**Q** 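First, the structure itself, so that you have it in front of you.
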Amino acid sequence: MPELPEVETIARQLRARGVEGKEILSVKVNWARTVEPLPVASFSRQVRGTTIDKISRVGKWMMFSLSSGKTIMIHLRMSGSCSMTPGLYDRLVLKLSDGLTLYYRDTRKFGRWKLVDDPQIILGKLGPDALTQRFTKKYFRAAMRARHRMIKPLILDQSIVAGLGNIYADEALWEAQIHPERLSDSLGDDELDRLFKAIRHVLTIGVRNRGTSLGDGKTNYRDVAGDSGGHREQVKAYGRGGKPCDRCGTALEKTVVAQRGTTFCPACQQLDQ
DNA sequence: GAAGACCTGCTA
DNA sequence: TAGCAGGTCTTC
């Protein structure tokens, strides 16, 4: 669930709540596999007593830089979130100085907290973050042309561009009017430029709206305050199968592309170009 | 490119 | 009760 805008929202809110600069007084791990590497005891021992100097984000990774020189790298996967108040499904709890407590919540238990010496070992495998200057039109064109793959799974590939997940991929393709199964090396300059712009646009709007949440259940994204994010009303494609396209009124189609649920407009996003 | 694994909760 | 879900990794 959490993609770039949701992770960015959480990172910003943790900063706003003063988590940076706090000492970690204690660590409680309720689901052992959240933590890597195991065992939990050594994770806790290495983290306790350090200060969270800085919170940052690259792609869907959030990093806590610790005063020890180590880094906690957090990946929320499908259902991870952070809160300053306790709740069901808290898998890891950090007691911080000044009376703050950070609760890591994760219904499906897929998320990970990795303690690493060097974040680059993980970040080095990622393509440029979609909202940084490193992600350029020129890079994007070349990366797409260099491959012969369906465009949707390609823009979901974090080693090519970091940050997009299933929702924003569908949104970007809808906005650029490109069929999700078009082959990457069949796209013209104008189409690639449109998609490049759309990727940046949907993510930027997503951040501005503090992320997206669909449905109302416990498994959905929540920000640090427990809010569901304001981007939900802005979604044009994802989860709108059968509903009319905002652009042309044609019923949106729900299919499966590369094993992922995919919604697109069969009129605006054509396969044969 | 596809399928299975990791998990739980919600919807049909 | 079966099938599905925003992510990634491993193994064909």
Side-chain angles (χ1 to χ4, degrees), chain A residues 1-10 29-38 57-62 73-82 87-92 104-114 121-127 129-130 147-174 180-185 199 202-203 206-207 209-223 228-232 234-242 254-263:
Chain A
M1 133 230 268
E3 308 178 30
L4 185 155
E6 290 73 30
V7 181
E8 178 63 24
T9 299
I10 290 172
V29 179
N30 299 323
W31 181 253
R33 297 188 59 178
T34 301
V35 155
E36 284 179 21
L38 288 166
R57 179 199 62 75
V58 173
K60 301 176 193 172
W61 288 96
M62 178 163 66
M73 301 199 60
I74 301 172
H75 200 299
L76 273 20
R77 290 283 181 92
M78 298 285 266
S79 58
S81 67
C82 291
L88 229 52
Y89 315 110
D90 290 338
R91 307 305 184 192
L92 192 153
Y104 171 68
R105 201 158 299 166
D106 187 358
T107 320
R108 290 178 71 180
K109 301 177 174 171
F110 287 158
R112 293 292 178 263
W113 284 46
K114 292 180 190 252
I121 293 177
I122 290 171
L123 300 181
K125 294 178 186 155
L126 297 180
D129 181 284
R147 292 165 181 88
H148 183 70
R149 287 175 57 190
M150 288 190 293
I151 190 67
K152 177 167 176 186
L154 198 51
I155 61 174
L156 282 173
D157 186 334
Q158 304 296 299
S159 72
I160 292 167
V161 50
L164 286 166
N166 208 29
I167 296 179
Y168 293 96
D170 276 5
E171 292 304 296
L173 289 166
W174 181 88
E181 293 180 289
R182 288 284 303 283
L183 289 170
S184 57
D185 56 355
I199 287 170
V202 298
L203 293 173
V207 170
N209 290 316
R210 301 176 359 268
T212 305
S213 179
L214 301 172
D216 295 302
K218 300 166 181 170
T219 49
N220 297 300
Y221 164 77
R222 292 287 121 124
D223 68 11
S228 61
H231 194 55
R232 185 174 173 171
Q234 321 279 333
V235 170
K236 306 287 191 193
Y238 184 85
R240 296 192 68 244
K254 169 91 194 277
T255 55
V256 175
V257 175
Q259 293 94 244
R260 308 298 305 274
T262 297
T263 307

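Chain naming here is simple, since letters A, B, ... match the order of the sequence lines and numbering starts at 1 in each. Every value quoted in this text rests on a predicted model; they were computed, and no experiment measured them.
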**Q** A:Leu4 CG to C:dG7 P: how many Å, rounded?
**A** 12 Å
**Q** Nearest-Å distance, CG (A:Asp106) to P (B:dC7)?
**A** 11 Å
**Q** If the cut-off is 4.0 Å, is A:Lys254 near the phosphate of C:dA5, judged by side-chain N/O to OP1 or OP2?
**A** yes
**Q** Could you check whether A:Asp223 and A:Thr9, counting side-chain N and O atoms only, form a donor-acceptor pair closer than 3.5 Å?
**A** no
**Q** Is it true that a side-chain atom of A:Lys114 and a backbone atom of A:Ile122 form a donor plus acceptor pair closer than 3.5 Å?
**A** no
**Q** Anything under 3.5 Å between a protein N or O and an N or O of nucleotides 1-4 of chain B, put it in a table, one pair a line.
**A**
| residue | atom | partner | partner atom | Å |
| --- | --- | --- | --- | --- |
| B:dA2 | OP2 | A:Gln259 | OE1 | 3.1 |

**Q** What residues form a salt bridge (Lys or Arg N to Asp or Glu O under 4.0 Å) with A:Glu8, not counting sequence neighbours?
**A** A:Arg12, A:Arg57
**Q** Can you measure A:Glu36 atom CD to C:dG7 atom C1' for me and round it to whole angstrom units?
**A** 14 Å
**Q** Using a cut-off of less than 4.0 Å, is there contact between a side-chain N or O of A:Tyr168 and OP1 or OP2 of C:dG6?
**A** no
**Q** Atom NZ of A:Lys109 and atom C1' of B:dG9: how far apart are they, to the nearest Å?
**A** 12 Å
**Q** Between A:Ser79 (side chain) and A:Arg108 (backbone), is there a donor-acceptor pair under 3.5 Å?
**A** yes
**Q** Identify each atom pair where a protein N or O and an N or O of nucleotides 8-12 of chain C are less than 3.5 Å apart, giving names and distance.
**A**
| residue | atom | partner | partner atom | Å |
| --- | --- | --- | --- | --- |
| C:dT8 | OP1 | A:His75 | NE2 | 2.8 |
| C:dT8 | OP2 | A:Lys60 | NZ | 2.7 |

**Q** Using the P atom as the reference point in each nucleotide, state the distance between C:dT1 and B:dC7 in Å, no decimals.
**A** 23 Å
**Q** So do A:Arg147 and A:Ile160 actually touch side chain to side chain, heavy atoms under 4.5 Å?
**A** yes
**Q** Roughly, in whole Å, what's the span from CZ in A:Phe110 to P in B:dT8?
**A** 9 Å
**Q** Provide the distance between the two C1' atoms, one in C:dT8 and one in B:dC10, to the nearest whole Å.
**A** 22 Å
**Q** Please answer whether the main-chain N or O of A:Leu156 pairs with a side-chain N or O of A:Gln158 as donor and acceptor at a distance below 3.5 Å.
**A** yes
**Q** Just compare B:dC7, B:dT8, C:dA5 and give me whichever is closest to any side-chain atom of A:Tyr89.
**A** B:dT8
**Q** Identify whether any heavy atom of A:Lys125 sits under 4.0 Å from a base atom; if not, whether one sits that close to sugar-phosphate; answer base, sugar-phosphate or nothing.
**A** nothing
**Q** Only counting residues at least two apart or in another chain, list the ones meeting salt bridge (Lys or Arg N to Asp or Glu O under 4.0 Å) with A:Arg105.
**A** A:Asp90
**Q** Does either side chain, that of A:Glu3 or that of A:Tyr221, offer a donor lying less than 3.5 Å from an acceptor on the other one?
**A** no
**Q** Looking at A:Glu36 and A:Arg112, would you say the former's side chain and the latter's main chain have a donor-acceptor pair under 3.5 Å?
**A** no
**Q** Report the distance from atom NZ of A:Lys152 to atom C1' of C:dG7, rounded to the nearest whole Å.
**A** 12 Å
**Q** Find the distance A:Ile167:CD1 to C:dG6:P and express it as a whole number of Å.
**A** 8 Å
**Q** Just by modelled atom types, is the A:Gly111 backbone N or O under 3.5 Å from a matching donor or acceptor in the A:Asp106 side chain?
**A** yes
**Q** Starting at the 5' end of DNA chain B, write a dot or bracket for each base, bracketing those in Watson-Crick or G-U wobble pairs whose two distances are under 3.5 Å and using | for partners on another strand.
**A** ||||||.|||||
**Q** Rounded to whole Å, how long is the line connecting atom CZ of A:Arg112 with atom C1' of B:dA5?
**A** 11 Å
**Q** Using only atom types and a distance under 3.5 Å, with no angle test, would you say the side chain of A:Ser184 pairs donor to acceptor with the backbone of A:Ile151?
**A** no
**Q** Using the C1' atom on both, measure B:dG9 against C:dC9 and round to a whole Å.
**A** 23 Å
**Q** Quick one: salt bridge (charged side-chain N to carboxylate O under 4.0 Å, His left out) pairs with a partner in residues 150-168 of chain A, sequence neighbours left out?
**A** A:Arg149-A:Asp157, A:Lys152-A:Asp170
